[in-house]
Amino acid sequence: YPNDQGGKIWVRVAREIDDVVLLSVRDEGVGLPADFEASKMKGLGMRIITAFSHQMNSQLIVHRRTPGTEFLIAVPLHKHT
């Protein structure tokens, strides 16, 4: 959010499909730069998100919203036999 004005942030964890859990973090901020690529970002926040998604063997999905951004991590559940 610009100029430290603050705003809403939503965090949601849901089991959308039998074998996938979705972790969603969404805001209504100014959004991402046009050339944003999660895999190329070097900031601490993106490094943590990338490491977490790799550790969980999950997929990171970035949705550009109007306004804001949503980061989704789709975590596969492993069924034990």
Side-chain angles (χ1 to χ4, degrees):
Y1 293 98
N3 304 320
D4 296 325
Q5 78 186 92
K8 294 180 181 179
I9 297 175
W10 293 266
V11 177
R12 183 174 73 107
V13 177
R15 190 171 182 170
E16 295 290 321
I17 306 172
D18 284 341
D19 58 349
V20 175
V21 171
L22 291 178
L23 169 62
S24 166
V25 179
R26 179 177 163 243
D27 69 21
E28 292 181 336
V30 296
L32 298 170
D35 62 348
F36 175 84
E37 289 185 44
S39 63
K40 294 183 179 180
M41 300 308 294
K42 303 295 183 197
L44 178 61
M46 283 309 305
R47 290 192 345 238
I48 290 170
I49 291 170
T50 302
F52 177 73
S53 66
H54 283 105
Q55 182 180 13
M56 299 299 292
N57 192 32
S58 61
Q59 179 183 9
L60 174 62
I61 304 159
V62 180
H63 291 285
R64 296 172 189 272
R65 303 283 186 206
T66 305
T69 305
E70 180 179 23
F71 286 88
L72 286 166
I73 297 178
V75 182
L77 296 176
H78 300 286
K79 297 186 180 190
H80 301 285
T81 56

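Nothing fancy with the numbering, it's 1 onward along the sequence.
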A.B. asks: Membership question, hydrophobic clusters at under 4.5 Å side-chain separation (ILVMFWY): are Trp10 and Val62 in the same one?
C.D. replies: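 Val62 and Trp10: separate clusters.
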
A.B. asks: Does the pair Glu70/Arg65 count as a salt bridge with the N-to-O cut at 4.0 Å?
C.D. replies: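 Looking at Arg65 together with Glu70, the answer is yes, because their closest N to O distance falls below 4.0 Å.
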
A.B. asks: Once rounded to the nearest 0.5 Å, what's the spacing between atom NE2 of His63 and atom CG of Leu32?
C.D. replies: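 Rounded to the nearest 0.5 Å, the NE2-CG separation comes out at 12.0 Å.
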
A.B. asks: Any sub-3.5 Å donor-acceptor pair from Asp27's side-chain atoms to Thr69's backbone N or O?
C.D. replies: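 Judged by distance alone, yes, a pair lies under 3.5 Å.
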
A.B. asks: Just by distance, do the side chain of Ser58 and the backbone of Ser53 share a donor-acceptor pair under 3.5 Å?
C.D. replies: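 The answer is yes, because a donor-acceptor pair under 3.5 Å joins these two groups.
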
A.B. asks: With rounding to the nearest 0.5 angstrom, report the CE to CD1 distance, Met41 to Ile49.
C.D. replies: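 Going from CE on Met41 over to CD1 on Ile49, the span is 10.5 Å.
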
A.B. asks: What residues form a side chain to side chain donor-acceptor pair (under 3.5 Å) with Arg64, not counting sequence neighbours?
C.D. replies: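 Checked Arg64 against side chain to side chain donor-acceptor pair (under 3.5 Å); zero matches.
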
A.B. asks: Using the rule that Ile, Leu, Val, Met, Phe, Trp and Tyr join whenever any side-chain heavy atoms are under 4.5 Å apart, tell me whether Phe36 and Val30 fall into a single cluster.
C.D. replies: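 Each belongs to a different hydrophobic cluster.
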
A.B. asks: Are Val20 and Gln59 close enough that some pair of their side-chain heavy atoms sits under 4.5 Å apart?
C.D. replies: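 Sidechains of Gln59 and Val20: no contact.
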
A.B. asks: With hydrophobic residues grouped by side-chain heavy-atom distances under 4.5 Å, do Ile61 and Leu22 end up in a single group?
C.D. replies: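 Unlinked, Ile61 and Leu22 end up in two clusters.
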
A.B. asks: Given side chains that start at C-beta, do those of Asp19 and Pro76 come closer than 4.5 Å, heavy atoms only?
C.D. replies: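 No, too far: nothing below the 4.5 Å cut-off.
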
A.B. asks: When rounded to the nearest 0.5 angstrom, what distance separates OG1 in Thr50 from CD1 in Ile73?
C.D. replies: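 So the gap between those two atoms works out to 8.5 Å.
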
A.B. asks: Under a 4.5 Å side-chain heavy-atom rule over Ile, Leu, Val, Met, Phe, Trp and Tyr, are Val11 and Phe52 clustered together?
C.D. replies: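 Yes, same cluster.
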
A.B. asks: Can you tell me how far apart CG (Leu23) and CZ (Arg12) are? Round to the nearest 0.5 Å.
C.D. replies: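 The CG atom of Leu23 sits 9.5 Å away from the CZ atom of Arg12.
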
A.B. asks: With a 4.5 Å cut-off on side-chain heavy-atom distances among I, L, V, M, F, W and Y, is there a chain of contacts connecting Val25 to Val13?
C.D. replies: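 Result: yes, single cluster for both.
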
A.B. asks: So, using salt bridge (Lys or Arg N to Asp or Glu O under 4.0 Å) as the criterion, who are the partners of Lys42 when residues are at least two apart?
C.D. replies: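 For Lys42, no residue satisfies salt bridge (Lys or Arg N to Asp or Glu O under 4.0 Å) once neighbours in sequence are set aside.
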
